[in-house]
Number of protein chains: 2
Amino acid sequence: MRGMLSFLIMWFLSKRPMYGEEIALELEKMKGNKPTPGTIYPALKHLQNNGLVTSKKDGRNIIYSLTEKGTTTSKKAFEYFCSMFEPVFKDCIKAKNLKKM
Amino acid sequence: MRGMLSFLIMWFLSKRPMYGEEIALELEKMKGNKPTPGTIYPALKHLQNNGLVTSKKDGRNIIYSLTEKGTTTSKKAFEYFCSMFEPVFKDCIKAKNLKKM
DNA sequence: TTAAATATATCGGACGTCCAATATTGGCCA
DNA sequence: TGGCCAATATTGGACGTCCGATATATTTAA
């Protein structure tokens, strides 16, 4: 279960390249609280050190995107995530349908 | 994202009381690898120290179950989990449907 | 009645996540 | 041009997760 933050960052980047603040804001939308720079940048650095993410300057921003290796890794991690949490997801749907009645 | 193990343990226990090895085996089914005692028991201890889980001896086994506080906490955490990961879940379903074609 | 197997438990170390605090850079505008 | 602000980045400490190693109790089997 360690590595969830990295997983989510890669999932975001698989949709489109983003700069750091954008990623932080997406995480805020998702989790309800915005990760501080001390959370997000070390994670991005770690992903870069492992060759999963690259960065490119764009004016004031630094745009992060998946490398080729990052794309395949992200895909595999996504499949793993989906199959692992499937029982919980099903429970989520069940709870949601019960609420409607 | 910290606390995922505790969340899963509580989710299991919300279905039915279990002893430690059972929880470990459920986690193995889910994640593909079985957590060692050094992972599972400290987590159970932590949950007990916070009054979320109680234990009861039953022969060779120690059966863990949610306290009242644990039940409400688990419910809230479950709702949070569902809403937080909903976008990813939807992506899982999308990927699954694509595979069928 | 030993021996083996099962379940529980702790320890130590590593790692990833998390925040608060602090610093630095680059673009923008008054 | 100077000052402001957004974005990037690092540091230090705390915490939860994770494993391998080791230990102990209890139950079952030989």
Side-chain angles (χ1 to χ4, degrees), chain A residues 1-13 17-65 70 73-74 77 80-81 84-85, chain B residues 1-13 17-65 70 73-74 77 80-81 84-85:
Chain A
M1 256 81 72
R2 268 184 316 193
M4 282 294 293
L5 177 63
S6 298
F7 165 72
L8 283 180
I9 290 175
M10 291 180 77
W11 184 70
F12 287 135
L13 294 183
M18 296 182 180
Y19 57 96
E21 265 295 297
E22 263 186 303
I23 297 171
L25 289 171
E26 286 293 327
L27 284 166
E28 184 182 20
K29 236 195 288 174
M30 190 177 236
K31 306 202 304 156
N33 71 317
K34 189 178 159 189
T36 62
T39 298
I40 203 82
Y41 289 108
L44 283 167
K45 196 181 177 183
H46 187 246
L47 288 169
Q48 287 190 86
N49 290 345
N50 290 334
L52 301 167
V53 162
T54 40
S55 57
K56 197 180 72 181
K57 281 204 76 170
D58 175 49
R60 164 162 33 190
N61 305 331
I62 295 182
I63 297 184
Y64 297 91
S65 55
T73 301
S74 157
Y80 176 65
F81 179 91
M84 165 171 172
F85 284 110
Chain B
M1 254 81 73
R2 267 186 315 194
M4 281 295 293
L5 177 63
S6 298
F7 166 70
L8 284 180
I9 291 175
M10 292 180 76
W11 184 70
F12 288 134
L13 294 182
M18 296 182 181
Y19 57 95
E21 265 294 297
E22 263 186 305
I23 297 172
L25 288 171
E26 286 293 328
L27 284 166
E28 183 182 21
K29 237 196 286 174
M30 190 176 238
K31 306 201 307 155
N33 71 317
K34 188 177 159 188
T36 62
T39 298
I40 203 84
Y41 290 108
L44 283 167
K45 194 181 178 183
H46 186 246
L47 287 168
Q48 287 189 88
N49 290 344
N50 291 334
L52 301 167
V53 163
T54 39
S55 57
K56 196 180 72 181
K57 277 204 81 168
D58 175 50
R60 164 163 33 194
N61 305 329
I62 294 182
I63 297 185
Y64 297 91
S65 55
T73 301
S74 157
Y80 176 65
F81 178 91
M84 166 170 171
F85 284 110

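Values below: every heavy atom of this structure, side chains too, minus hydrogens, waters and symmetry copies. Just so we're on the same page: letters track the sequence lines, and every chain starts at 1.
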Check: Taking C-beta and beyond as the side chain, do T73(A) and N50(A) meet within less than 4.5 Å on heavy atoms?
Finding: no
Next item on the list: Would you please confirm or rule out a distance under 4.0 Å between OP1 or OP2 of dT8(C) and any side-chain N or O of Y19(B)?
Entry: no
Next item on the list: Measure up the F85(B) and F81(A) rings against each other and bin them: parallel (under 30°), tilted (30 to 60°), perpendicular (over 60°).
Entry: tilted
Item checked: Distance-only donor-acceptor check, side chains T54(B) and Q48(B), under 3.5 Å -> no
Next item on the list: Measure the spacing between CG of L52(B) and CG of L47(B) and express it to the nearest 0.5 Å.
Entry: 6.0 Å
Note to self: Counting only side-chain nitrogens and oxygens, does Y41(B) get under 4.0 Å of the OP1 or OP2 atom of dC18(D)?
What the structure shows: no
Check: Do Y80(B) side-chain atoms and K31(A) backbone N/O form a donor-acceptor pair below 3.5 Å?
Finding: yes
Check: Quick one: I40(B) CD1 to dA7(C) P, roughly how many Å, whole number?
Finding: 13 Å
Next item on the list: Take the protein atom CE of M4(A) and the nucleotide atom C1' of dT17(C), then report the distance between them rounded to whole Å.
Entry: 12 Å
Checklist line | Gap between atoms CD and C1', on E28(B) and dC18(D) respectively (whole Å) | finding: 15 Å
Notebook entry, point to check: So, is S6(A) near the phosphate of dT17(C), with a side-chain N or O under 4.0 Å from OP1 or OP2?
Noted result: yes
Notebook entry, point to check: Going by number, which of residues 48-59 of chain B have a non-hydrogen atom under 4.0 Å from DNA chain C?
Noted result: none
Item checked: Any T36(A) side-chain nitrogen or oxygen under 4.0 Å from OP1 or OP2 of dC19(C) -> yes
Notebook entry, point to check: Between T39(A) and dT17(C), does any side-chain N or O lie under 4.0 Å from OP1 or OP2?
Noted result: no
Notebook entry, point to check: Does K45(B) have a side-chain nitrogen or oxygen under 4.0 Å from the phosphate oxygens OP1 or OP2 of dA9(C)?
Noted result: no
Note to self: Would you say N33(B) places a side-chain N or O within less than 4.0 Å of OP1 or OP2 belonging to dC19(D)?
What the structure shows: yes
